[in-house]
Amino acid sequence: MSVLVNKDSKIVVQGFTGNEGTFHATQMIEYGTNVIGGVTPGKGGTTHLDKPVFNTVADAVKHAGANVSIIFVPPSFAADAIMEAAEAGIGLVVCITEGIPTKDMITVKEYLRGKNTRLVGPNCPGVITPEEAKVGIMPGFVFKKGTIGIVSKSGTLTYEAADQVVKAGMGISTAIGIGGDPIIGTTTLEAVQLFMNDPATEGIIMIGEIGGSLEAEAARWIKENNRKPVVGFIAGQTAPPGRRMGHAGAIIGGAEDTAAAKMKIMAECGITVVDSPAVIGQTMAKVLGKVMA
Amino acid sequence: MNIHEYQGKSILKSFGVAIQEGIVADTPEQAVAAAKELTAQTGTSWWVVKAQIHAGGRGKGGGVKLAKSLDDVHEKASAIIGMQLVTPQTGPQGKKVNKVLVAQDVYYPGPSKTAEFYMSVLMNRQTGRNIIMYSTEGGMDIEEVAAKTPHLIFKEEIDPAVGLQPFQTRKIAFNLGLSGNAFKEMTRFVASLYKAYDTIDASMFEINPVLKTSDDKVIAVDAKVNFDENALYRHPDYAAMRDITEEDPTEVEAGEHNLNYVKLDGNVGCMVNGAGLAMATMDIIKLAGGDPANFLDVGGTANAARVEQAFRIILKDLNVKAILVNIFGGIVRCDRVAQGIVDAYKSIGEIPVPIIVRLQGTNAQEAKKIIDESGLKVFSAIQLKEAADLVAQVLKK
């Protein structure tokens, strides 16, 4: 078991023939992900990486049964790509693209309301279920199969956490990079809920950062509904207010969205919060009562 | 991206938002000419000389002065232009004033009392929708109003499917206690303000104060306008309003090399791939007993040229006593990054501070070997914990 993606997921790559799309689609296929083909408007009917290219996402659904999409198109076209995938009935859309205007994402969020499409991202590393499907840009070898679910706003910090989990003798059920933009699809809370309901996930690692209130929302839900141990880390304890730290959403706007405020709420809600990102893995092992490998 | 008050006001005006009129000046002589021109245009008999810097609280620091004669304009402008203006938002070193805005006096006497309001437009991250936030308590620090009298702050959310509706602008005008002509003026003000926000891809508008004049006009006396940088490609004319003299020169230089760098006050520099890991690395420095000197995300391609450029940027900060390089090599191979570091080091020559390099991921062992055998004064680590311990060790010396 796992969440969001598995070996049966049929993945279509939007922006398939571009540089980014080609590079990462190749890596995904090498990992063993079931990539059924891609979409590049105007190149329908051709093949790329030995897979069919379609003009529209709807064609990829109709002719190849695509049910998951990953988006590598440039920021100015990305919002349109997300909506096209939703309109075609794709159940899970993973948007890797960084730099989409906020106004476009307001439109996307409104468009997705009431539709049966889950968006992950944008500005995220994607989703991986080890040994089954890599729908993202993460280095696959870091993620060994296991029982820890990871939800994170950051790319490399997710790899760091996964690496520590593996070094501590455990593995990952699924890792979800939700992205660092001010408006994203799947929230920390929604990812946590997926893991709570996943029988294959024993423990959850929740990695957040300064800005917004996603971690606090998730923590409050965890307090009421917790059935599994959760280890949390918030990046940006030393970040100054009012300055954007790389991610468009990583900016302290008030007293409520500092790292300290979030860590306090998380701890009060029963999450094991670590100060140092160097001890995420070993802390998870400890709370699960596992011996370090 | 931030812009100056005078630029923000010119944008608002172009969307039909009523503003306190003004003319920008670089010298006291230009300020006097601006004052004459302004009187010809608006009939104002007094003028306000306002420092143009990218920070709020200018009045508190002496950057906003009323002038009652042309000589007075010259005197006030002479005092403000070139001053190092310190406000609650500039930090103790303050900011140098290069320009002033000579503005009309809008607090003239008239049939009714003047009133100051607060109004901002921004995106509510919890709902993913824009909101107009407003208050009867204008001219004050809004954080203070929120803390002391939260019931005086109102919020109006805009449904993206239909945009701002007239009933919403009326609700705002009612809540601000307006009637008659001032009421009508306010509904028009709000509608044009939101139109401007939505059209120009702003990330924040803050108008404090919005003034109801003694003759029942509603105008923006100040204008803080921030842009969504992801959308600037759609607005080259607004992008050109950027004033790099307002920014940290090292940050500007880093930006030219596509390095995401934010200067901080600490003593340990860092170079990291990925924004989240970069913030986490800053936290590690703090936990190890240091203080981060910067945020720096080198991005996905940490090759020799980028690494060298990043070192040069970090070393411009003379407070830096050590540098922590933290790269999680996923798609990029650690041995390549290690070679890049060695090449960069040799190209720069002597780097006067100890460097701790932590490379984890693809080919991490080979990378460590390259660093260890380079003969350079570089400490290497693979685990994040080891790197943190090395930082602590170096700082103790």
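From a predicted model like this one, the values you see are computed outputs, not experimental measurements. So that the names make sense, note that chain A is the first sequence line, chain B the second, and so on, each numbered from 1.
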- Task: Could you walk me through whether B:F328 and A:L157 pass the side chain to side chain contact (heavy atoms under 4.5 Å, CB included) test, one step at a time?
- Result: CA-CA 8 Å; B:F328 198 103; A:L157 197 48; over 6 Å; no

**Study point:** Derivation and outcome, side chain to side chain contact (heavy atoms under 4.5 Å, CB included), residues A:K103 and B:D228
**Key:** CA-CA 9 Å; A:K103 188 177 165 183; B:D228 174 6; 5.8 Å; no

Between A:F233 and B:D283, is any pair of side-chain heavy atoms under 4.5 Å apart?
yes

Within-4.5 Å side-chain heavy-atom neighbours: A:P75 and B:N230: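 SC-SC contact between A:P75 and B:N230 ruled out.
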
Pick from [options]: which one has the most heavy-atom pairs with chain B under 4.5 Å?
{"options": "A:M105, A:E209, A:R243, A:K109", "result": "A:R243"}
{"options": "A:G208, A:S154, A:G155", "result": "A:S154"}
{"options": "A:S76, A:P101, A:P139", "result": "A:P101"}

Side chain / backbone / both / neither for B:A388 at chain A, heavy atoms under 4.5 Å
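B:A388 has no heavy atom closer than 4.5 Å to chain A.
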
Considering only NZ, NE, NH1 and NH2 on the basic side and carboxylate oxygens on the acidic side, decide whether A:R244 and B:E229 come within less than 4.0 Å.
->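 Salt bridge flag = no for B:E229 with A:R244.
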
Original post:
Are the charged groups of B:R125 and A:D181 less than 4.0 angstrom apart, N to O?
Top reply: no

task: Run the numbers on A:Q237 and B:M282 for side chain to side chain contact (heavy atoms under 4.5 Å, CB included), then give the verdict.
output: CA-CA 8 Å; A:Q237 298 163 56; B:M282 286 160 47; over 6 Å; no

**Message:** Pair B:K286, A:D275 - check salt bridge (Lys or Arg N to Asp or Glu O under 4.0 Å), show working.
**Reply:** CA-CA 10 Å; B:K286 181 80 179 175; A:D275 290 335; over 6 Å; no

Evaluate the side chain to side chain contact (heavy atoms under 4.5 Å, CB included) criterion for residues A:Q164 and B:L384: first the C-alpha distance (whole Å), next the side-chain angles of each, then the deciding distance (0.1 Å), finally the verdict.
CA-CA 9 Å; A:Q164 288 180 24; B:L384 196 47; 4.2 Å; yes

Do A:T156 and B:N273 have side-chain atoms, one donor and one acceptor, less than 3.5 Å apart?
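A:T156 vs B:N273: no donor-acceptor pair found between side chains.
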
